[in-house]
Amino acid sequence: MNEHPGANLKFVSRKRRVREDKRFVTGTAVFAQDVNLPNMKHCAVVQSPYPRAKILSIDASLALAMEGVRYVLTGDEFRANANDMKFGLNTPEVKWYPLAVDMTRYAGEWVAVVVADDPYTAEDAAELVEVDYEALKPIIDPEQAYEEKDRLVHPAHGSNVLYDGHFYWGTVDEDFVAAEERLSYRVRWGRSSTVPIETFGVVARWDEAVDILDVWASIQMPNYVELLAATLRIPLNCVRLHQDVDVGGSYGVKRGIKHSVIVGYLSRLLRAPVRMIEDRLINMASGDAHGPDRIFDTQVAFNRDGKILSLKIRALDDAGAYPGRAPFQLAKPISAIVGPYKINSVQYDAISVLTNKTGQVPVRGFGQSPTNYMIETAVDKVARHLNLDRIEVRRRNFINHDEFPYQIPSGSKYDSGDYHTVLQKALDAANYDELINRRDAARAEGRLAGIGIGTCLEPGGGNNIFEYLMNPSAEITTFSEGAEIRVDPDGLVTGVVGTTTSGQGHETLVATIIGEELGIDPDDIRVVHADSLNAPITRSPVASRMAIMLGSSTAAAAQKIIAKAMKIAAYNLQEPEDDLEYVDGSVFVRRDPVRKLTWREICFIAHKAYHKMPDDMEPGLQAQHVFQVPGGGQLPDESQRVQIYPCFSFQAHIPYVEIDPGTGHVKILDYAIGHDCGTMINPDIVRGMVIGGLAHGIGAALYEKFAYRPDGQFESATFADYLMPSVYEVPMVKDVDHCTPSPLTSHGQKGSGEGGYLGAPAAIASAVNDALHPMGVSIHELPMRSYLIENLLNGGKTDP
Amino acid sequence: MKPAPFDYALATSIDEATSYLADGNGEAIVLAGGQTLMPMLSMRLARPELVIDINGVDELFGIEETDDSVIIKACTRQVTALHSEIVKSRVPLLHKAMHFVGHFQTRNRGTIGGSVAHSDPAAEIPLAALALDSEVELRNVNGSRRVAMADYVVGPLMTAREPDELLVAVHLPAIVPGVTTATSFHEVSERHGDFAVVAVAAHLTFDGAICTKAAVAFGGVDDTPVRIPEFETGLIGETLAYGVPDAALDLISDGINPGSDQHASANYRRRVARTLANRAVSEAAADARGGA
Amino acid sequence: MTDAIHIHVSINGNTVTDSVIPRMTLLDFLRYKAGMTGTHAGCEHGVCGACSVIFDGDPVRSCSLLAVQANGKSVMTVEGLSNADGTPGTLQEAFQDAHAMQCGYCIPGMLVSAHALLARNADPSLEDIKEAIGGNICRCTGYVQIIEAIQLAATRLREALK
């Protein structure tokens with residue numbers, strides 16, 4: 001069954017140290033906070049205590065009078081000298097400035113920034129900035145915000161609705177009429193996020209001599225440099241992002257564009273490097289790093305054999321006050337809107353609303369994890385409704401291995417998969433039959449025990465076309481990625497990466513693939529991160545795309561190197577290329593292998609012996625390749641059907657939980673997972689991503705929530721209130737892999753950065769509801785905190 | 001998140017520390033393990049003019065025992081108490097509570113005295129101290145006094161300690177040989193090591209199968225850790241072999257005054273206080289039967 | 001207010017002398033005065049463990065200590081775990097072999113906690129390891145590979161003693 005292509009691979013899929021790790025274990029990695037420039041100034045932020053208020057006046061005179069204070073910047077000054085930050089929706093009246101202008105729109109919003117010689121003084125001075133507010137009643141509930149006509153987050157926009165889109169793919173109404181059964185339900189995904197242990201940090205320095213804004217930032221964001229330049233009204237080629245800065249975790253959220261335009265502006269104004277490092281309170285309240293906050297109302301049409309025919313989905317997402325690219329997190333899930341199932345038709349209503357909360361940003365999976373929770377809930381509910389086994393219902397609806405490529409109603413063609421086998425592997429890893437005995441024995445003793453069944457598709461590779469679905473003026477049909485390989489006269493190889501890394505192991509990826517293609521030990525290959533002015537084309541490491549996109553572009557660039565080496569060898573050996581063979585750097589005459597040109601000889605000729613080069617050949621030995629997203633380059637058809645992502649990984653999660661009936665506390669006691677992301681370039685990296693994503697999912701499922709009071713005050717600014725899983729909350733996961741190669745990538749690889757997070761919340765919810773089932777209750781909101789579960793067990797819906 | 005400015009004084013004796021406190025005019029604060037104070041300083045929730053560091057006061061470290069009590073000096077690290085044989089054998093309730101306190105790194109630095117001085121209503125150490133009828137020893141330049149834990153905790157993060165007083169030790173009654181004493185500590189928190197959402201510390205004395213004395217303290221359910229005399233009275237004379245009588249459990253709800261927040265509703269805290277009290281008392285009673 | 005206070009701190013065996021304002025945390029001192037940027041700020045309120053260092057023999061959170069409290073004391077940071085020639089020590093090698101990290105930001109705190117564990121317990125159980133790193137939050141790995149790395153290091157250290 002296993003189609004592992006490993007037999008002929010030297011380095012790909014082999015266990016190999018991750019080269020990035022050495023600098024982390026020795027404490028020598030350089031993060032944004034470690035960038036320390038002479039005469040560097042430090043920022044502190046003045047935050048609005050009100051979720052919604054008019055700014056009547058700002059008096060910074062006391063702050064400016066303090067020794068060591070250099071400047072106080074307000075929103076009015078920024079607006080007069082720079083542009084608002086654009087984010088992609090066609091909503092011109094929803095203006096986003098880094099500092100509040102005229103009114104504040106969420107508790108904690110930045111009103112002013114103080115610049116001082118050291119961070120202690122900056123904080124002291126920030127306390128002295130006097131702001132007069134006229135508090136206004138905020139709008140907090142997203143459903144109220146949708147209906148609200150008067151209390152508007154952005155009054156000039158005319159409503160609180162950012163986006164209200166309707167998609168109808170296939171014969172939905174007919175399928176609902178034809179179906180033998182129908183059911184409907186609501187699930188709610190709570191506002192949580194990935195919360196990296198490093199907060200966002202940025203240092204900017206304006207170099208007047210060369211007209212360059214140098215930026216060091218813990219950034220993971222497409223279009224960051226473009227957005228900086230456009231907002232600061234400077235040419236794009238005046239911004240130089242130093243991408244050799246390590247990013248201390250991101251999973252989507254390291255997008256400090258607001259911070260960056262502030263320090264960019266200030267460094268130019270003050271003629272000094274300016275640094276802004278969020279502290280944790282700022283990061284949580286106003287660092288623009290919250291994730292989706294979503295209500296799904298779903299109807300399912302199905303037959304009595306468990307076959308699901310159609311879905312009607314309404315998703316209402318609370319984007320907060322400044323949406324950034326958050327609304328697009330409603331569009332990406334269209335790429336896998338039916339999950340791994342053969343569902344004939346789908347209606348999808350996607351609504352994004354503004355509220356007086358912190359703005360939402362892209363989070364791991366870009367909206368797919370909430371959507372997957374909704375889809376998997378549907379399958380469980382169908383099984384319960386029909387009194388069928390949850391696994392059997394999944395098997396009856398799975399797309400089969402021999403049906404790929406498989407096109408779903410919304411237009412995506414899934415590239416490949418073997419869902420039955422991966423699910424079976426997960427069940428085997430879980431010792432499923434024994435697990436059932438364990439659960440039933442626990443129940444017999446009066447305990448609440450449950451097994452979760454959850455699967456997920458992980459769309460990988462990215463493609464900006466979801467933007468067009470929500471804003472047809474954005475005619476962007478690619479999300480390409482470039483790679484560059486340079487070979488020096490000594491024959492030593494350097495790969496160039498065009499972006500930052502935040503733990504994904506891009507250097508290891510590139511070295512492994514170059515090594516595989518060129519037949520060179522990856523340990524002898526250098527990999528560097530170029531700055532943005534000399535980097536290959538990049539759209540940044542989002543969307544589970546780097547193995548797919550950077551991996552494939554690197555392989556293609558390596559093939560260009562080989563092609564040139566072959567031409568040089570053919571010229572010097574005086575043999576046609578067809579009679580030559582490239583093996584581990586050297587080029588042999590196939591019928592007479594003694595005749596060859598070694599790698600060193602080829603590289604020397606390419607760089608220095610032009611008389612041995614074919615006529616008119618460009619000197620040197622280097623290559624670039626820009627890889628286009630497979631299936632990209634097209635606009636949606638008249639039914640808004642389109643390929644959004646190229647590659648689709650698959651996972652099956654089997655958690656086992658027990659719930660304390662007296663306290664509602666959930667404990668995950670066991671967890672097995674099967675995963676298939678095609679060819680694993682580095683198995684340890686994939687495993688880490690899978691289990692780490694799963695741990696994120698545990699947090700979203702059980703613990704993590706950015707809580708707001710009804711009056712709009714934010715309650716989760718500390719790590720004592722925002723509860724992330726520790727080692728005690730994550731079980732020793734049993735993981736098993738499978739390989740169904742993608743036909744679209746260089747080595748059959750797919751994405752693996754998001755799947756753990758996509759599958760875990762759904763699977764844990766499934767386990768909790770299995771445990772609650774004998775009590776006749778079920779829970780339909782995340783996180784499933786103890787008090788919510790205990791309240792259900794007490795028969796109440798009365799507790800707040 | 002940088003502290004507001006303050007002066008710093010390193011005390012090397014109790015007298016030196018109390019003299020700094022006397023000069024502090026109520027604007028001085030004592031730094032012991034710093035596991036609560038340092039975050040409060042960094043968040044500028046505490047803004048003292050003077051920080052008095054007592055980590056250099058040798059006489060504030062150590063665990064001593066007498067015939068009827070165990071005395072834990074204020075600066076004794078939590079890790080020391082966790083691993084203390086004296087505490088384990090003579091104040092088993094505190095030993096059990098220590099397993100719920102913080103993490104490896106915080107226990108290495110955090111102190112028994114610091115936790116009691118602060119008396120967070122959801123913290124485990126003051127809760128155990130309250131259940132044990134412990135006394136807090138306070139000292140100022142004029143002398144010392146001992147305050148019963150029940151009188152020490154007076155309101156939300158407010159205690160009977162005067163601004164010029166230093167908490168120098170906690171006096172914990174030790175179990176008496178020949179008397180059947182049983183203890184139990186139960187807590188619910190979302191994650192291991194967090195402050196309790198609700199915690200219950202039970203300390204019971206038995207004569208044969210009959211409970212003769214009961215002390216049960218509740219944490220996370222009021223402005224302070226609390227005892228409920230009516231509930232405790234309801235346990236006396238019972239075997240508790242089949243759990244706590246409903247009549248006694250019914251008294252808990254009126255004896256506490258929990259709040260609602262993002263982690264739990266007030267009603268949840270009421271119900272769980274009842275559940276944990278039943279568990280803790282039943283477990284202690286079972287231990288007593290097993291050990292008798 | 002007091003002016004700066006002069007302190008001497010032994011950091012990884014080297015004495016660092018400097019003057020600090022009273023309110024400076026040990027974390028900031030290590031990073032911005034002593035140049036030891038391997039120790040990371042995660043939450044600055046004593047929860048995440050990223051700033052863990054060994055202070056007079058025990059792992060503690062450097063955000064929850066004042067720099068002045070380190071006067072006359074010894075501090076060991078992640079940089080001090082390497083061999084004298086700068087090559088990684090056994091624990092650091094095991095973390096690489098097990099790929100016990102992704103972004104690496106929490107790893108110095110993890111290493112310091114694990115180092116303290118292995119210094120007093122050559123054969124830690126799974127529960128011992130959880131206790132040692134229970135106060136270190138990692139957002140990348142889900143901890144499994146970190147636990148495996150500590151187990152690997154323990155095995156190697158025991159074998160080296162045979």
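So that the names make sense, note that chain A is the first sequence line, chain B the second, and so on, each numbered from 1.
Residues A:R687 and C:E148 are paired through a salt bridge, judged by an N-O separation under 4.0 Å between the basic side chain and the carboxylate. A salt bridge does not link A:K41 with A:D118: every distance from a Lys NZ or Arg NE/NH1/NH2 to an Asp or Glu carboxylate oxygen is 4.0 Å or more.
Side-chain atoms of C:H99 and A:D21 form a donor-acceptor pair, as typed in the model, at a separation below 3.5 Å. A donor-acceptor contact closer than 3.5 angstrom links the side chains of A:H653 and A:Y671. In this model, a donor atom of one side chain and an acceptor atom of the other lie less than 3.5 Å apart for A:T501 and A:H506.
Most heavy-atom pairs under 4.5 Å with chain C: of the set A:G688, A:G27, A:A695, this distinction falls to A:G688. Ranked by heavy-atom pairs shorter than 4.5 Å toward chain C, the options A:P725, A:G249, A:A720, A:G693 are led by A:P725. Top candidate by heavy-atom pairs under 4.5 Å with chain A, chosen from C:G42, C:A100, C:A98, C:G134, is C:G42. Comparing A:R280, A:E20, A:K15, A:R23 by heavy-atom pairs within less than 4.5 Å of chain C, the highest count is held by A:R280. Of the listed residues C:Q96, C:Q92, C:Q145, C:E131, the one with more heavy-atom pairs under 4.5 angstrom with chain A than any other is C:Q96. Listed options A:V733, A:I685, A:N283, A:V30 were ranked by heavy-atom pairs under 4.5 angstrom with chain C; first place goes to A:I685. The choice from C:G89, C:G86, C:G38, C:G104 that makes the most heavy-atom pairs within less than 4.5 Å of chain A is C:G104. If you tally non-hydrogen atom pairs under 4.5 Å between each of A:R16, A:Q504, A:E729, A:E704 and chain C, the highest count goes to A:E704. Among the candidates C:Y32, C:F95, C:Y143, the residue making the largest number of heavy-atom pairs closer than 4.5 Å to chain A is C:Y143. Here A:D684 is the residue among A:T28, A:L694, A:D684 with the most heavy-atom pairs under 4.5 Å with chain C. Looking only at heavy-atom pairs under 4.5 Å with chain A, the residue among C:C103, C:G46, C:A50 that has the most is C:C103.
With a threshold of 4.5 angstrom between heavy atoms, A:Y120 approaches chain C through its backbone and through its side chain. Looking at C:I107, the atoms closer than 4.5 Å to chain A (heavy atoms on both sides) all sit in the side chain, from C-beta outward. Contact annotation for C:E79: both backbone and side-chain heavy atoms come within less than 4.5 Å of a heavy atom of chain A. Proximity to chain A (any heavy atom under 4.5 Å) is shown, for C:I129, by neither the backbone nor the side chain. Interface residue A:V195: backbone and side-chain heavy atoms are both found under 4.5 Å from chain C. Of the two parts of A:P731, only the backbone, made up of N, CA, C and O, holds a non-hydrogen atom closer than 4.5 Å to a non-hydrogen atom of chain C. In this structure, the portions of C:Y105 lying under 4.5 Å from any heavy atom of chain A include both its backbone and its side chain. Residue contact with chain C, scored on non-hydrogen atoms closer than 4.5 Å, involves the backbone and the side chain of A:D34 alike. Contacts of A:I197 with chain C are made by both backbone and side-chain atoms, with heavy-atom separations under 4.5 Å. Neither the backbone nor the side chain of C:I146 has a heavy atom closer than 4.5 Å to any heavy atom of chain A. Of the two parts of A:T199, only the side chain, counted from C-beta on, holds a non-hydrogen atom closer than 4.5 Å to a non-hydrogen atom of chain C. Using a 4.5 Å cut-off between heavy atoms, C:S82 touches chain A through its side chain atoms alone. At a 4.5 Å heavy-atom cutoff, the contact between A:M689 and chain C is made by backbone and side-chain atoms alike. Proximity to chain A (any heavy atom under 4.5 Å) is restricted, for C:L111, to the side chain, taken from C-beta onward. Contact annotation for A:I277: neither backbone nor side-chain heavy atoms come within less than 4.5 Å of a heavy atom of chain C.
A distance of 7.0 Å separates CE of C:M36 from CG of C:N14, quoted to the nearest 0.5 Å. Note that CD of A:Q243 is 9.5 Å distant from OG of A:S540, once rounded to the nearest 0.5 Å.
Taking the side chain as every heavy atom from C-beta outward, A:I219 and A:K254 never approach each other to under 4.5 Å. Looking only at side-chain heavy atoms (C-beta outward), C:T25 and C:C63 stay at 4.5 Å or farther from each other.
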Stepwise, does the salt bridge (Lys or Arg N to Asp or Glu O under 4.0 Å) test hold for A:R17 with C:E93?
CA-CA 10 Å; A:R17 270 196 181 183; C:E93 292 285 359; 2.4 Å; yes

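A:S369 contributes a side-chain N or O that, together with a main-chain N or O of A:Y757, makes up a donor-acceptor pair within less than 3.5 Å. One N or O on the side chain of C:N136 and one on the backbone of C:G49 form a donor-acceptor pair closer than 3.5 Å. Of the possible donor and acceptor atoms, one in the side chain of A:T194 sits under 3.5 Å from a partner among the backbone N and O of A:S250. A donor-acceptor pair under 3.5 Å is absent between the side-chain atoms of C:T87 and the main chain of C:N83, judged by distance alone. Side chain of C:R31 to backbone of A:Q33: a donor-acceptor contact under 3.5 angstrom is found.
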